[in-house]
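The figures that follow rest on heavy atoms only: side chains count, while hydrogens, waters and symmetry mates do not.
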Amino acid sequence: MRRGCIIPVARARKRSQVGSKALKLGYLKRKGVRIPETYVCTFRAYDEYLSGNRNILTILEKELEQIVRGDRRYSVRSSANVEDETEHSFAGQFETYLDVSGPESICEAIKRIWQSIEGDKVRAYLTKIGETRDAVKMAVIVQEMITPQLSGVVFTKNPLNGLDEVIIESVLGLGEQLVQGGITPDRWVYKWGDWIERPANKDRDLPLVQEIVTQARTIAKKYGKPVDLEWVYDGKDLYWLQLREITSLRDVNIYSNRIAKEFLPGMIKPL
C-alpha cells in the first residue's frame, strides 16, 4: 500500500525525509510539548514533482482533504534540507504563506514553496555559499494557525556570550512584528532566579513570562543543548512553534529587536 506524502509531524523522525524544521517540531510533539496541529509534506512529494509527475499535486490535495479542517486556517512554510544549519540557516529565503484555508489553496501554497527554490533570492544565496540548486530538497510544513494575544521568541542562553540567562522578546498579536521594522518588543531577561531586565507596567504578564522560562528550560534540558524557541499565547494556552539550537551570532546588539530579526528573519508566523 502506498504511504502518504503528508504525515503528522510526530512521525517526522528522519532529517533526510523532512528537513530540520519539521524534525524538531516532531521532537517537540513526541516529548509532549504543546504545538499547533501540524503536518509535513515530505521530500518524496517534491522529488516526484521534480521528476515531472504533476499528478502529485492531485494526490496531495486528496490527502489534505482527509486531514485539514474547513473552519481552520493554516500556515504553509518550508522545511528544506539546507535550513537551520550551523553555518547557513537559509532563514527567510523561501516563501511562507499565512491564513491559508482549504485543501486546494494549501496545495497551491506547497507548489509555490517548491517553486521558490528557482527564485532569484534563493539562487543568489546559493551562489553566495557555493551551493547549487540541486543541493536543495524541500519538505513543507502545514500548521494550524493560532490567534495570539502575545507572541515572541525565547533564548535559553545569551546567544552572544553563552551567559546563563533566559532572554524573552514579546509583542502583542502577530510575532512577525518582531522581524519587521518599527516595532520594539518587550524584553525580559531572567538570571539567577530574578529578572535583571523587564518592561515597566507589565506585571500582568509576569505569570505567562515565568511559565515561558520554565517550559523553555525544560525543553532545553530534554534536548540537551541551549535553544531558541518561538512561542504564541492565545489567552489560554502557550504554544511552541519552532525549536532551533543556538548558534553563534556576531555583530548584533542583543538589546534591540535586531536579535529577533537576525535569528528569525523567516519567523514561523502561524500566529
Quiz item: Is there side-chain contact between Ile7 and Thr42, with heavy atoms separated by less than 4.5 Å?
Solution: yes
Quiz prompt | Neighbour count >12 (heavy atoms, 6.0 Å) for atom CG, Asn201 | solution = no
Practice problem: Carefully, step by step, assess Glu245 and Tyr223 under the rule side-chain contact (heavy atoms from CB on, under 4.5 Å). | Solution: CA-CA 9 Å; Glu245 297 173 20; Tyr223 194 70; 3.0 Å; yes
Quiz item: Just wondering, do Val213 and Trp195 contact through their side chains at under 4.5 Å, heavy atoms?
Solution: yes
Exercise. Indicate the atoms forming the closest heavy-atom contact of Pro226 with Thr156, along with that distance.
Key: CA-OG1, 3.4 Å
Quiz prompt | Nearest heavy-atom neighbours spanning Ala45 and Ile56 | solution = O-CG1, 3.8 Å
Practice problem: Report yes if the side chains of Glu48 and Leu60 come closer than 4.5 Å at any heavy-atom pair, otherwise no. | Solution: no
Exercise. Using the side-chain contact (heavy atoms from CB on, under 4.5 Å) rule, take Tyr74 and Val68 through it: C-alpha gap first, then chi angles, then the decisive distance, then the call.
Key: CA-CA 9 Å; Tyr74 296 83; Val68 302; 3.8 Å; yes
Quiz prompt | Smallest separation among heavy atoms of Glu61 and Cys107, with atom names | solution = N-SG, 4.1 Å
Quiz prompt | 4.5 Å side-chain heavy-atom contact, Gln143 and Tyr39 | solution = no
Exercise. Indicate whether any N or O donor in one side chain lies under 3.5 Å from an N or O acceptor in the other, for Gln242 and Trp231.
Key: no
Quiz prompt | Any Asp205 side-chain heavy atom under 4.5 Å of Leu150 side chain | solution = yes
Quiz item: Any Lys/Arg nitrogen of Glu144 or Arg72 sitting under 4.0 Å from an Asp/Glu carboxylate oxygen of the other?
Solution: yes
Quiz item: For the hydrophobic clusters of this structure (ILVMFWY residues joined by side-chain heavy atoms under 4.5 Å, transitively), does one cluster hold both Phe155 and Leu163?
Solution: no
Quiz item: Is Trp192 linked to Val189 within one hydrophobic cluster, defined over Ile, Leu, Val, Met, Phe, Trp and Tyr using a side-chain heavy-atom separation of less than 4.5 Å?
Solution: no
Quiz item: Under 4.5 Å between any side-chain heavy atoms of Arg217 and Val166, yes or no?
Solution: yes
Quiz item: Can you name the nearest heavy-atom pair linking Gly4 to Glu63, along with the distance?
Solution: CA-OE2, 3.4 Å
Practice problem: Check the hydrophobic clustering (I, L, V, M, F, W, Y; side-chain heavy atoms under 4.5 Å; chains of links allowed) and say if Leu172 and Leu238 are grouped together. | Solution: yes
Quiz item: Once you round to the nearest 0.5 Å, how far does CG of Leu50 lie from NZ of Lys137?
Solution: 7.5 Å
Quiz item: CG of Leu25 to CG of Leu241: how many Å apart, nearest 0.5 Å?
Solution: 8.0 Å
Quiz prompt | Asp234/Lys236 ion pair, N-O < 4.0 Å | solution = no
Quiz prompt | Residues Lys157, Asp228: salt bridge by 4.0 Å N-O rule | solution = no
Exercise. Assess whether side-chain contact (heavy atoms from CB on, under 4.5 Å) is satisfied between Lys222 and Tyr27, documenting all intermediate values.
Key: CA-CA 10 Å; Lys222 289 179 179 179; Tyr27 171 85; 3.5 Å; yes
Quiz prompt | Pairing residues for Tyr49 by the ring pair (Phe, Tyr, Trp, His ring centres under 6.0 Å) criterion, not counting sequence neighbours | solution = Trp114
Quiz item: Under 4.0 Å between a Lys/Arg side-chain N and an Asp/Glu carboxylate O for Arg34 and Asp237?
Solution: yes
Self-check item: Single hit among Val140, Ile117, Asn81 for side chain to side chain contact (heavy atoms under 4.5 Å, CB included) with Tyr46
Solution: Ile117
Quiz item: Heavy atoms, side chains only, cut-off 4.5 Å: are Val171 and Ser151 in contact?
Solution: yes
Quiz item: Donor-acceptor pair, Ser79 side chain versus Ala22 backbone, under 3.5 Å?
Solution: yes
Self-check item: Nearest-0.5 Å distance that lies between atom CE in Met145 and atom OG in Ser75
Solution: 6.0 Å
Quiz item: What heavy-atom pair brings Ser78 and Ile113 nearest, and what distance separates the two atoms?
Solution: CB-CG2, 4.0 Å
Quiz item: Side chains of Ser116 and Glu95: is there a donor and an acceptor less than 3.5 Å apart?
Solution: no
Exercise. Under the side-chain contact (heavy atoms from CB on, under 4.5 Å) rule, what do Val40 and Val142 come out as? Steps first, then yes or no, please.
Key: CA-CA 6 Å; Val40 57; Val142 179; over 6 Å; no
Exercise. Would you give the length of the straight line joining atom NZ of Lys14 to atom CG of Leu23, rounded to the nearest 0.5 angstrom?
Key: 11.5 Å
Exercise. State whether Lys202 and Asp186 are salt-bridged, where the test is any N-O pair (Lys NZ or Arg NE/NH1/NH2 against Asp/Glu carboxylate O) under 4.0 Å.
Key: yes
Quiz item: Checking Glu169 side chain against Pro185 main chain: does a donor-acceptor pair fall under 3.5 Å?
Solution: no
Quiz item: Would a 4.5 Å heavy-atom cut-off, applied to side chains only, mark Glu108 and Tyr97 as touching?
Solution: no
Quiz item: Between the side chain of Arg30 and the main-chain N/O of Ala10, is any donor-acceptor distance below 3.5 Å?
Solution: yes
Quiz item: Salt bridge between Lys62 and Glu65, side-chain N to carboxylate O under 4.0 Å?
Solution: no
Quiz item: Arg244 and Glu230: salt bridge (charged side-chain N to carboxylate O under 4.0 Å, His left out), yes or no, with the steps?
Solution: CA-CA 9 Å; Arg244 292 187 183 95; Glu230 294 173 30; 3.3 Å; yes
Practice problem: Verify the neighbour count for atom CD of Gln115: are there more than 12 heavy atoms of other residues, nucleotides or ligands below 6.0 Å? | Solution: yes
Self-check item: Euclidean distance, Ile67 CD1 relative to Arg69 CZ, rounded to 0.5 Å
Solution: 13.0 Å
Exercise. Mind checking the CD1-CZ spacing from Ile59 to Arg54? Nearest 0.5 Å is all I need.
Key: 13.0 Å
Quiz item: Heavy-atom count around Lys191 NZ within 6.0 Å, excluding the residue itself: above 12?
Solution: yes
Exercise. Compare every heavy atom of Gly19 with every heavy atom of Phe43, then report the nearest pair and how far apart it is.
Key: CZ-N, 3.4 Å
